[in-house]
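Below is one structure, written out as structure tokens; comments come after it.
Note that the coordinates shown come from a computational prediction; the quantities given were computed from them, not determined experimentally. The basis for the numbers below is simple: all heavy atoms, side chains too, and nothing from hydrogens, waters or symmetry mates. Proteins come first, then strands; the chains are lettered A, B, ... in the order of their sequence lines, and each starts at number 1.
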2 protein chains.
Amino acid sequence: MGKTEETREKLVVAALASFRERGYDATTMRLIAAEAGVSQGNAYYYFEGKEALVQELYVRIQAEHRAAVAGRLRSGASLAHNLATVLHTGLDVMAPYHSFGTTLLQSALRTTSPVSPFAPDSQAAREAAIWLMREAVDRSRPRIGGRLGEQLPRLLWLAYLGVTLHWVIDGSPGQQRTRELVDRVSPLLGKAIRLAGTPVAKPFVTDLTALVDAMTAPGRAGTP
Amino acid sequence: MGKTEETREKLVVAALASFRERGYDATTMRLIAAEAGVSQGNAYYYFEGKEALVQELYVRIQAEHRAAVAGRLRSGASLAHNLATVLHTGLDVMAPYHSFGTTLLQSALRTTSPVSPFAPDSQAAREAAIWLMREAVDRSRPRIGGRLGEQLPRLLWLAYLGVTLHWVIDGSPGQQRTRELVDRVSPLLGKAIRLAGTPVAKPFVTDLTALVDAMTAPGRAGTP
DNA sequence: ACCGCTTTTTGAACGTGTTCAAAAAGACGG
DNA sequence: CCGTCTTTTTGAACACGTTCAAAAAGCGGT
């Protein structure tokens, strides 16, 4: 790692610290550069703009989420339990940045960004998020077979999206309402999966999987 | 309506036209003011900032949606049909602003805004959106009774949210993929409602309604 | 040590959204 | 018509994100 990487890292550290302490708006590019010991213009040599630094924060949070989940997931638990683990872990990782949540989400919505989970071209960021749910599904018992089992991670990713949205707009202390939501939604989804196995639900499940199939065909926008 | 209202309206018209033609970033406050025939500073006497003009666009789109739905909804149709009508009408109304979608959504996410459907204090904007779904439910046959019938509009509003999100990130020509999604999701939700009436689904439905009850208690964030 | 070339760094400049003190216009009673 | 108070309008100013030409630093070959 040369001098170049050092400057880049200094900028990231300064930016992320200021984001956490001061929020997005109060963190000026001049301040970031000053705290990293470089000129304001130099920051633009390493990052395309202020938003690129937000994206850096986004990928680091996501990586931290994956690492934390790997340490907490236990094989053989119920799907409801594993799902709750993944969701709660995500909330733990994001917690220090709650005041920053809106900006983070806005950045993710910008589909031109390479780290946006919705960007049509960059499958990587999206799959990384879905991978977490696949872990939760694969390591839970009883196993879920058939087409539903294949597509379940994608569907649970949508649930994750919903929880994240709720977290962003959750003004309760410590975002406890979102915690509550996770604790209630996880068993509910577990029940739904069991219900999906009954004969009476068969035609519905068939249509649902067909829908997911159709909407995830190549060239699709991100949401399945 | 005095001179004051005229200037305000001129600003709105100029802003909305420029938003449609040039997009958000290329529409500068100086340009809006010039096109309305006032000074740049004067615009801030009528609107708190650029975002307030976006919110104005938002409420007008929502009002147009309500008006258009009232003309298109037919009583006695299936829930799937009425649901598709509401969703397609929404897409029709928003169509001219698709390039603007991201900005619109970002504005809605800012929970401090009085028109945000997620703002904890302003129930009006949220209820207005849910009202549409209540219309679709109430005017469809067969009727849906019980607690599920009461809370269904709120749940369908979540589906509406998802469709809107898909629309924003949908890059297909004319957003035809989102149209397809609506055509597929509406009958699927219809099936789900019928499934919810069967005895085997009873415990799941009970838990679901209890969850919606709990999450919509007073003081809640917007998402049920 | 010098040259030529690339990579990195700088600081001034531009256009933007927004603020604000002051000017202008209006409203109203005497 | 004047004086006073409020409402409206102005244009200069500010801080911000971003751009860019030019300077500085690094680097390999001779």
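A 4.5 Å side-chain heavy-atom check between A:Leu57 and A:Phe100 finds at least one atom pair inside the cut-off.
The side chain of A:Arg30 lies closest to D:dC16, out of D:dT9, C:dT8, D:dC16.
We find that NZ of B:Lys10 is positioned 13 Å from C1' of D:dT9, with the value rounded to whole Å. B:Leu53 places its CG atom 11 Å from the P atom of C:dG17, with the value rounded to the nearest Å. Atom-to-atom, CD of B:Glu6 to P of D:dT9 comes out at 11 Å; the value is rounded to the nearest Å. Rounded to a whole Å, the NZ atom of A:Lys50 is 16 Å from the P atom of D:dA15. Summarising the geometry, the separation between CZ on A:Phe47 and P on C:dT8 is reported as 14 Å, rounded to the nearest angstrom. Between the C1' atom of D:dT8 and the CG atom of B:Leu11 lies a distance of 13 Å, rounded to the nearest Å.
Using a 4.0 Å cut-off between a side-chain N of Lys or Arg and a carboxylate O of Asp or Glu, A:Arg66 and A:Glu127 do not qualify as a salt bridge. For the pair A:Arg134 and A:Glu150, the salt-bridge criterion is not met [side-chain N within less than 4.0 Å of a carboxylate O]. Taking a cutoff of 4.0 Å between a charged side-chain nitrogen and a carboxylate oxygen, B:Arg60 and B:Glu56 qualify as a salt bridge. In summary, A:Glu35 and A:Arg22 engage in a salt bridge, as defined by a charged side-chain N under 4.0 Å from a carboxylate O.
Here the shortest heavy-atom pairing between A:Leu87 and A:Ser186 reads CD1-OG, 4.0 Å.
Dashed line: the shortest gap from a side-chain N or O of A:Tyr45 to OP1 or OP2 of C:dT8 is under 4.0 Å.
For the side-chain hydrogen bond (donor to acceptor under 3.5 Å, both in side chains) with B:Gln151, the qualifying choice from B:Asp213, B:Thr209, B:Thr216 is B:Asp213, the only one to do so.
With sequence neighbours left out, the salt bridge (charged side-chain N to carboxylate O under 4.0 Å, His left out) criterion links B:Asp92 to B:Arg72, B:Arg179.
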Seminar exercise, completed: Quick tally for nucleotides 19-24 of chain C: nucleotides whose base has a protein heavy atom under 4.0 Å get B, sugar-phosphate-only ones S, the rest -, giving B-----
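A:Asp183 and A:His88 share a donor-acceptor pair across their side chains, judged by distance under 3.5 Å alone.
Applying a 4.0 Å cut-off to non-hydrogen atoms, the residues of residues 15-29 of chain B that approach DNA chain C are B:Thr27, B:Thr28, B:Met29, listed by residue number.
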